[in-house]
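Here the structure is laid out as structure tokens; the discussion comes afterwards.
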Amino acid sequence: VIDKTGFVPSINSKRLIMKKSFNICLLINSTSSPFEDLFYFEITRGILEKSKEYGYNIVISEINNSRKNKLPNIVYSNDTDGIIFLQDIDKDVRDEVKNTNIPFLVIDSHSVDNSITAINPDYFTASYTATNFLIKNGHKKIAFITSSFIPDFYDQTYSGFKKAMDEAMLSIKPEFIQVNSTNESTAFNCMEKILANNTAPTAVMCSVDMFAIGAMKCAKEKGYKIPLDISFIGIDDIFLSNYTEPKLTTVKIDKTFMGFLAMDMIIRKINAEEVENYIVKSNEATVRDSVINI
């Protein structure tokens with residue numbers, strides 16, 4: 001009968017009976033917007049896809065750091081059953097959301113607060129895998145571009161890079177290390193500084209695909225051929241990496257899976273089930289055209 005009549009249950013009645021809003025609030029910082037950052041875009045796509053299975057709506061809102069109450073009204077009015085944060089949240093935001101007693105978790109957190117449920121990529125292993133891939137392809141003069149603005153991210157990526165270099169007994173040249181990248185444009189500037197030295201690297205390991213894209217652009221503008229003169233590898237495997245020229249070799253982080261997992265975990269938290277933190281394996285290189293064997 002339901003099929004024949006096309007009956008749709010009243011969501012408002014369902015909310016009253018089950019005492020649920022059937023909304024999940026996806027809270028973002030301006031620096032982690034899925035509309036600007038392709039890494040978070042793919043995670044968000046996974047969340048949206050998985051939410052259909054649970055019959056939940058995803059409401060995307062932004063943290064307002066300029067006001068005293070930083071969370072959106074949907075939180076204070078209890079019109080959401082759970083909250084998913086993209087990237088780190090400040091301590092005051094953390095305390096504010098804890099006071100609401102609404103279940104929440106953080107994707108791509110770098111916090112040391114063990115009371116926060118988090119889903120994180122293994123950036124150390126990803127960085128080690130990427131550097132090792134270059135070494136196995138004969139590269140010894142390897143430069144490194146990362147970001148020091150998030151200390152834990154920097155520690156993980158640099159430690160992975162250093163471990164691979166130390167195991168191969170290769171020296172790390174200070175002039176080949178650039179840690180002030182935040183996006184494609186600043187990565188371009190970092191690469192410019194690397195190429196200002198007397199000797200150019202044969203390969204560059206970038207801790208984010210967008211850094212690699214910016215660095216490759218700089219190298220090409222300076223007249224270097226990729227990968228004949230300089231090879232590049234990134235981390236993330238965002239969909240844009242398959243459309244660069246040449247196509248970017250990268251270490252895959254399964255962002256859609258992270259989105260799926262986030263929905264599963266937040267639903268379990270809403271149902272008062274125990275949920276543990278999750279580290280996403282990141283040790284698989286996606287081999288394309290930006291690395292040459294020398």
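Predicted model, so just to flag it, every value in this text is computed and none were measured.
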message: Set out, in order, the CA-CA distance, both residues' side-chain angles and the distance that settles side chain to side chain contact (heavy atoms under 4.5 Å, CB included) for Asp209 and Thr244, then state yes or no.
response: CA-CA 11 Å; Asp209 281 354; Thr244 58; over 6 Å; no
Donor-acceptor side-chain pairing of Ser241 and Thr250 below 3.5 angstrom: no
- prompt: Does atom CD of Glu276 have more than 12 heavy-atom neighbours, drawn from other residues, nucleotides or ligands, at distances under 6.0 Å?
  reply: no
task: Evaluate the criterion side chain to side chain contact (heavy atoms under 4.5 Å, CB included) for residue pair Ser231 and Thr202; output intermediate values, then yes/no.
output: CA-CA 6 Å; Ser231 291; Thr202 64; over 6 Å; no
- prompt: Hey, does Gln87 have a side-chain heavy atom less than 4.5 Å from the side chain of Asp37?
  reply: no
message: With a 3.5 Å distance limit and no angle check, can you tell me whether Asp236 reaches the backbone of Val208 through a side-chain donor-acceptor pair?
response: no
- prompt: Under 3.5 Å, side chain of Asp122 to main-chain N/O of Lys281, donor-acceptor pair present?
  reply: no
message: Working to the nearest 0.5 angstrom, can you tell me the gap between Asp90 CG and Asn29 CG?
response: 7.0 Å
Listing, residues 186-201 side-chain donor-acceptor contacts under 3.5 Å, not counting sequence neighbours, or none:
unit_1 : atom_1 : unit_2 : atom_2 : d
Thr186 : OG1    : Thr182 : N      : 2.7
Thr186 : OG1    : Thr182 : OG1    : 3.2
Thr186 : OG1    : Asn183 : N      : 2.9
Thr186 : OG1    : Asn183 : O      : 3.1
Thr186 : OG1    : Asn183 : OD1    : 2.9
Glu192 : OE2    : Lys222 : NZ     : 3.3
Asn197 : ND2    : Glu175 : O      : 3.4
Asn197 : ND2    : Lys193 : O      : 3.3
Asn197 : ND2    : Ile194 : O      : 2.8

- prompt: Phe85 vs Phe104 aromatic rings, parallel, tilted or perpendicular, using cut-offs 30° and 60°?
  reply: perpendicular
field: Approximate separation, where rounding is to 0.5 Å, of Phe257 CZ and Lys50 NZ
entry: 10.0 Å
message: With a 3.5 Å distance limit and no angle check, can you tell me whether Ser77 reaches the backbone of Asn73 through a side-chain donor-acceptor pair?
response: yes
Thr80 and Asn23: CA distance, side-chain angles, deciding distance, side-chain hydrogen bond (donor to acceptor under 3.5 Å, both in side chains) verdict: CA-CA 5 Å; Thr80 182; Asn23 291 328; over 6 Å; no
- request: Go through the steps to decide whether Tyr128 and Asn283 satisfy the test side chain to side chain contact (heavy atoms under 4.5 Å, CB included), and finish with yes or no.
  value: CA-CA 8 Å; Tyr128 175 81; Asn283 60 354; over 6 Å; no
field: Residue pair Glu245 / Ile226, side-chain heavy-atom distance below 4.5 Å
entry: no
field: Heavy-atom check, side chain of Ile60 versus side chain of Thr44, under 4.5 Å
entry: yes
- line: Those residues at least two apart in sequence (or on a different chain) that pass ring pair (Phe, Tyr, Trp, His ring centres under 6.0 Å) with Tyr158 are Tyr154
message: If I compare all heavy atoms of Met258 with all of Ile43, which pair ends up nearest, and what's the gap?
response: CE-CD1, 4.1 Å
message: For Leu27 and Ile89: C-alpha separation, side-chain torsions, deciding distance, then whether side chain to side chain contact (heavy atoms under 4.5 Å, CB included) applies.
response: CA-CA 10 Å; Leu27 270 179; Ile89 49 175; over 6 Å; no
task: Compare all side-chain heavy atoms of Ser127 with those of Lys163 and state whether any distance is below 4.5 angstrom.
output: no
- prompt: Where the side chain of Ser147 meets the backbone of Ser181, is there a donor-acceptor pair that is under 3.5 Å apart?
  reply: yes
query: When rounded to the nearest 0.5 angstrom, what is the spacing between CG in Asn132 and CE in Met165?
result: 11.0 Å
- prompt: Taking side chain as C-beta onward, heavy atoms only, is Lys217 less than 4.5 Å from Ile213?
  reply: no
- line: In this structure, CD1 of Ile235 is separated from OG1 of Thr157 (nearest 0.5 Å) by 7.0 Å
message: Looking at Arg268 and Asp264, is any side-chain nitrogen of the basic one under 4.0 Å from a carboxylate oxygen of the acidic one?
response: no
message: Counting neighbours of NZ on Lys98 that are heavy atoms of other residues, nucleotides or ligands and sit closer than 6.0 Å, is the number greater than 12?
response: yes
- prompt: Is the closest side-chain heavy-atom distance between Leu240 and Met210 below 4.5 Å?
  reply: yes
query: How about Phe161 and Ile142: do any of their side-chain heavy atoms sit closer than 4.5 Å?
result: yes
message: Can you list everything that forms a side-chain hydrogen bond (donor to acceptor under 3.5 Å, both in side chains) with Thr117? Sequence neighbours excluded, please.
response: Lys269
- line: When rounded to the nearest 0.5 Å, the distance separating CG of Asn120 from CD1 of Ile279 is 5.0 Å
field: Residues forming a ring pair (Phe, Tyr, Trp, His ring centres under 6.0 Å) with Phe39, sequence neighbours excluded
entry: none
field: Any donor-acceptor pair under 3.5 Å from Lys173 side chain to Ala143 backbone
entry: no
- request: Kindly write out the residues that satisfy side-chain hydrogen bond (donor to acceptor under 3.5 Å, both in side chains) with Asp92, not counting sequence neighbours, or none if the list is empty.
  value: Lys70
Using atom types as modelled, flag every donor-acceptor pair under 3.5 Å from a side chain in residues 287-294 to any protein atom, sequence neighbours excluded.
unit_1 : atom_1 : unit_2 : atom_2 : d
Arg288 : NE     : Asn242 : OD1    : 3.1
Arg288 : NH1    : Asp237 : OD1    : 3.1
Arg288 : NH1    : Leu248 : O      : 2.9
Arg288 : NH2    : Asp237 : OD1    : 2.8
Ser290 : OG     : Phe232 : O      : 2.6
Ser290 : OG     : Thr249 : N      : 2.8
Asn293 : ND2    : Asn137 : OD1    : 3.3

- prompt: Any side-chain donor-acceptor pair under 3.5 Å between Asp108 and Tyr40?
  reply: yes
field: Minimum side-chain heavy-atom gap Phe144-Val179 below 4.5 Å
entry: no
